[in-house]
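Each remark here refers to the structure printed beneath this line.
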Amino acid sequence: MNQSVYLALDFPSWEETKQFLQTNQLNGVPVKVGMELFYREGPKVIENLRENNHSIFLDLKLHDIPTTVMKAMRSISKLDVEMVNVHALGGAEMIKRAKEGLTTGHPNKTKLIAVTILTSMDKQTMNNELLLPGEVDDKVSHFAHFSQSNGVDGVVCSVYEAEKIKVECGDNFLTVTPGIRLGGTEVNDQKRIATPAYAKSQGTDYIVVGRSITNAENPKKAYERVVEEWTNGSIV
Ligand code: C5P
């Protein structure tokens, strides 16, 4: 079982999720649970996945006032997931309190990850809508540095920023990269995309793959192709 390829379970219910995993014999693979599924099913979905030995990245992208985030993380810490995340844009105090909530009173292995600039965003949107001037990779570096100095274990970024972050923040600082597409599949709403093979060449730690697998005619085969490209570092 490859432990670095996280399958994004962007389904509307546990029933559909379970059916997808069973039909495609994907029980036990590392998975990412996002807002769609968690807001519908709640913590029960995490327990269900745990029972089937899935490693879980809980992608709720918390972004609120520091105390609220700290208390939310205190609740999340009891779920014992592998990774959970906050938006770096929430600021230093919010990140520090998130870490506090995750670790105080319930020390566990859950890693805290900060989202930098979403992979669905390009330079133009970042400059013109968020009014953040300059290049995307410079902003990602900035968010990575300041998140690291406030206690996170790694960041979510695109494959195009992963190598630079490793050089600047050190090899142990984790990079989690969505925006992964198999050749010949739809880009959808993502902007900074790359193949699993390219992700491997850039030294990222984890890739997150959703629609290239879930929308494929044969999801099982698509999953295997992702793992093969990621493992061998060459396009199959
Ligand atoms: O279908 P696709 O492969 O684009 O799915 C990517 C998944 O990763 C989605 O669930 C999305 O919410 C998530 N994600 C992302 N960009 C981030 C953080 C998470 O695309 N910065």
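Indexing begins at 1, ligand by ligand and atom by atom, following the structure's order. When reading the values below, keep in mind they use all heavy atoms of this one structure, side chains included, and skip hydrogens, waters and symmetry mates. Numbers for residues simply follow the sequence, beginning at 1.
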Response to the item:
Here the gap from D205 atom CG to N172 atom CG, rounded to the nearest 0.5 Å, amounts to 9.0 Å
Fill in: Straight-line distance of R211 CZ to R181 CZ, nearest 0.5 Å
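Answer rounded to 0.5 Å: 5.0 Å.
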Worksheet entry | Side-chain H-bond candidate by donor/acceptor type, T119 with S158, under 3.5 Å |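 No, because no side-chain N or O of T119 sits under 3.5 Å from a partner of the opposite role on S158.
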Only distances under 3.5 Å count here; give the side-chain donor-acceptor pairs of residues 34-42 to other protein atoms, sequence neighbours excluded, each with its distance to 0.1 Å.
from	atom 1	to	atom 2	distance (Å)
R40	NH1	P12	O	3.1
E41	OE2	W14	N	2.7

Give a table of atom pairs where an N or O of ligand 1 lies under 3.5 Å from a protein N or O.
from	atom 1	to	atom 2	distance (Å)
ligand 1	1 (O)	R211	N	2.7
ligand 1	1 (O)	R211	NE	2.7
ligand 1	3 (O)	R181	NH1	3.0
ligand 1	3 (O)	G210	N	2.8
ligand 1	4 (O)	R181	NH1	3.3
ligand 1	4 (O)	R181	NH2	2.8
ligand 1	4 (O)	Q190	NE2	3.0
ligand 1	4 (O)	R211	NH2	2.9
ligand 1	10 (O)	D10	OD1	3.3
ligand 1	10 (O)	D10	OD2	2.7
ligand 1	10 (O)	K32	NZ	2.8
ligand 1	16 (N)	T119	OG1	3.1
ligand 1	20 (O)	T119	OG1	3.4
ligand 1	20 (O)	Q190	NE2	2.8

Worksheet entry | side chain to side chain donor-acceptor pair (under 3.5 Å) pairs, two or more places apart, involving residues 43-54 |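 Listed by first then second residue: R50-E82.
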Discussion item. Checking D138 now: which residues fulfil side-chain hydrogen bond (donor to acceptor under 3.5 Å, both in side chains) with it, not counting sequence neighbours?
Written reply: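 Checked D138 against side-chain hydrogen bond (donor to acceptor under 3.5 Å, both in side chains); matches are K164.
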